[in-house]
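These numbers were taken from a predicted model, which means no experiment stands behind them.
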Amino acid sequence: MPWLALTLQVEAAQAEALADALLEQGAQSVWIEESDRPRSRVHALLAQDADPAALLGGATALAGMPAPAFAVQTVADQDWVRQSQAQFAPLCIASRLWIVPSWHQPPARGAVVRLDPGMAFGTGSHASTRLVLAWLARGLAPGASLLDYGCGSGILAIAAAKLGAVRVDAVDVDSLALAATADNANANGVALRALPPEKLPPGDYDVVVANILSQPLIVLEPLLAARTSRGGRIALAGILSTQSAEVVAAYAGDFDVRVAASEEGWDLVEGRRR
């Protein structure tokens, strides 16, 4: 059956929100191509009888952004699969960690996370996710315990397990994210718990990571601080460079904290619990 392939470009910071909104408006599949920096190309697969302009208008209204220009073409099933797969090659992080789609052969060395591009969940293609993955690849100590708060696809938790973390918990308020995390962990042969926040047992962790957005991170500071052991480390992402000072200020009471890395207008804030 043929489909309609919708393609458009938006600011990178808006791409994930728009992807979520497109799915909510009825798109069958959405994926983000980030090769045109600092703008991202968003692709959506629509039913043949869909109204692309109306669907996009509804999605941009939900995402709180103006409707951009777009292109539409008709594609066959297999053409769409080939077109989407061609955009995703294995991703190497800090010479130690690989994110590899299922249609590629894994490399012979390094920690490998098998993860296909998914809808509205992290796959390593976004700069904020790459920043945390690199932070883990460079500095996660084998045997550490780790909490991934706002886990999405579970990519950070799975990568931590592959890099040697021994107790890994992944938390999200979205039941679909928890299901995706559990499925991806099983596919990668790693043990972790995927839980809603209210089901997370008491206790703290050597490492806490959270790739969310600046304002939720600021609100969550007391909770994340309480979950970080004394002397433990925290990595925060999903932070626009223009907002990182606010996040640093929010965490300075409990952590020795700083902006540790930046990429494409996104910052990673790291800290050590006092």
Participant: Has the side chain of Asn188 got a donor or acceptor atom that lies under 3.5 Å from a matching backbone atom of Arg114?
Facilitator: yes
Participant: Name all residues meeting the side-chain hydrogen bond (donor to acceptor under 3.5 Å, both in side chains) criterion together with Arg258; count only those two or more places apart in sequence or in a different chain, and write none if there are none.
Facilitator: Glu270
Participant: Okay, side chain of Ser29, backbone of Leu45: is any donor-acceptor separation there less than 3.5 Å?
Facilitator: no
Participant: Report yes or no: do Asn184 and Ser153 form a side-chain donor-acceptor pair below 3.5 Å?
Facilitator: no
Participant: Consider only side-chain heavy atoms of I, L, V, M, F, W and Y, link residues closer than 4.5 Å, and tell whether Leu224 and Val269 are in one cluster.
Facilitator: yes
Participant: So, do Arg96 and Leu163 sit near enough that their side-chain heavy atoms are less than 4.5 Å apart?
Facilitator: yes
Participant: I want to check something: taking the side chain as every heavy atom from C-beta on, are Pro201 and Arg193 in contact at a cut-off of under 4.5 Å?
Facilitator: yes
Participant: Specify the closest pair of heavy atoms between Ala15 and Val10, including all atoms of both residues, with the distance to one decimal.
Facilitator: CA-CG2, 3.8 Å
Participant: Is it true that a side-chain atom of Asp174 and a backbone atom of Leu176 form a donor plus acceptor pair closer than 3.5 Å?
Facilitator: yes
Participant: About how many Å separate CG of Leu46 and CG of Leu6, when rounded to the nearest 0.5 Å?
Facilitator: 5.5 Å
Participant: In Å, rounded to the nearest 0.5 Å, how long is the span from CG of Leu236 to CD1 of Ile218?
Facilitator: 10.0 Å
Participant: Would you mind reporting whether Thr181 and Leu192 have side-chain heavy atoms less than 4.5 Å apart?
Facilitator: yes
Participant: Can you find a heavy atom in the side chain of Leu55 that is under 4.5 Å from one in the side chain of Asp51?
Facilitator: no
Participant: Where do Asp148 and Asp169 land on the side-chain contact (heavy atoms from CB on, under 4.5 Å) test, with the steps shown first?
Facilitator: CA-CA 6 Å; Asp148 177 5; Asp169 288 335; over 6 Å; no
Participant: Could you list all the ring-ring contact (aromatic ring centres under 6.0 Å, His included) pairs where at least one residue sits in residues 134-175, not counting sequence neighbours?
Facilitator: none
Participant: For a side-chain contact (heavy atoms from CB on, under 4.5 Å) check, start with the C-alpha distance between Trp3 and Gln48, then their side-chain angles and the critical distance, and finish with the verdict.
Facilitator: CA-CA 5 Å; Trp3 300 86; Gln48 189 179 19; over 6 Å; no
Participant: To the closest 0.5 Å, what do you measure between CG (Leu268) and CD1 (Ile239)?
Facilitator: 7.0 Å
Participant: Look at the side-chain heavy atoms of Ile, Leu, Val, Met, Phe, Trp and Tyr, link any pair under 4.5 Å apart, and say whether Leu147 and Val132 land in one connected group.
Facilitator: no
Participant: Are Thr129 and Leu156 close enough that some pair of their side-chain heavy atoms sits under 4.5 Å apart?
Facilitator: yes
Participant: In terms of heavy-atom contacts, does CZ of Arg274 have more than 12 from other residues, nucleotides or ligands at under 6.0 Å?
Facilitator: yes
Participant: For Asp172, what residues pass the side-chain hydrogen bond (donor to acceptor under 3.5 Å, both in side chains) criterion, not counting sequence neighbours?
Facilitator: none
Participant: Are Leu223 and Ile234 connected in the hydrophobic side-chain network, where two residues link if heavy atoms are under 4.5 Å apart?
Facilitator: yes
Participant: Tell me whether Ser145 contacts the main-chain N or O of Asp206 through its side chain, where contact means a donor paired with an acceptor under 3.5 Å.
Facilitator: yes
Participant: What pairs meet the ring-ring contact (aromatic ring centres under 6.0 Å, His included) rule with one or both residues in residues 151-197, with sequence neighbours excluded?
Facilitator: none
Participant: Distance-only, no hydrogens or angles: does the Lys162 side chain make a donor-acceptor pair with backbone N or O of Val113 under 3.5 Å?
Facilitator: no
Participant: Write out all pairs satisfying side-chain hydrogen bond (donor to acceptor under 3.5 Å, both in side chains) with one or both partners inside residues 221-233, taking only residues at least two apart or from two chains.
Facilitator: none
Participant: If you take all heavy atoms of Ala237 and Ser128, which pair is closest and at what distance?
Facilitator: CB-O, 3.7 Å
Participant: Where is the tightest heavy-atom contact between Val30 and Ala19, given as atom of each residue plus distance?
Facilitator: CG1-CB, 3.6 Å
Participant: Hey, does the side chain of Arg272 reach the backbone of Gly232 with a donor-acceptor pair shorter than 3.5 angstrom?
Facilitator: no
Participant: Take Trp31 and Val42, measure what side-chain contact (heavy atoms from CB on, under 4.5 Å) needs, and give me the verdict at the end.
Facilitator: CA-CA 6 Å; Trp31 54 279; Val42 179; over 6 Å; no
Participant: Report yes if the side chains of Thr60 and Leu18 come closer than 4.5 Å at any heavy-atom pair, otherwise no.
Facilitator: yes
Participant: Let me check something: do Leu131 and Leu146 share a hydrophobic cluster, defined by ILVMFWY side-chain heavy atoms less than 4.5 Å apart, either directly or through other members?
Facilitator: yes
Participant: Quick one: CG on Leu62 to CD on Glu24, what's the gap to the nearest 0.5 Å?
Facilitator: 5.0 Å
Participant: Is there side-chain contact between Leu136 and Leu97, with heavy atoms separated by less than 4.5 Å?
Facilitator: no
Participant: Specify the closest pair of heavy atoms between Pro68 and Gln9, including all atoms of both residues, with the distance to one decimal.
Facilitator: CB-O, 3.8 Å
Participant: For residues 209-252, which residue pairs pass the ring-ring contact (aromatic ring centres under 6.0 Å, His included) check, not counting sequence neighbours?
Facilitator: Tyr251-Phe255
Participant: List the steps, then state whether side-chain contact (heavy atoms from CB on, under 4.5 Å) holds for Leu195 with Leu178.
Facilitator: CA-CA 7 Å; Leu195 306 163; Leu178 295 176; 5.5 Å; no
Participant: Tell me the closest heavy-atom pair linking Ala59 and Ala21, and the distance in Å.
Facilitator: O-CB, 3.2 Å
Participant: Taking all non-hydrogen atoms of both residues into account, name the closest pair between Leu217 and Ala210 and its distance.
Facilitator: CD2-CB, 3.6 Å
Participant: Following the transitive rule for hydrophobic clusters with a side-chain heavy-atom cut-off under 4.5 Å over Ile, Leu, Val, Met, Phe, Trp and Tyr, establish whether Trp266 and Val259 coincide in one cluster.
Facilitator: no
Participant: Quick one: pull up CZ in Arg130 and CD1 in Ile155 and give me the separation to the nearest 0.5 Å.
Facilitator: 10.5 Å
Participant: Heavy-atom distance under 4.5 Å between the side chains of Phe70 and Pro52, does that happen here?
Facilitator: yes
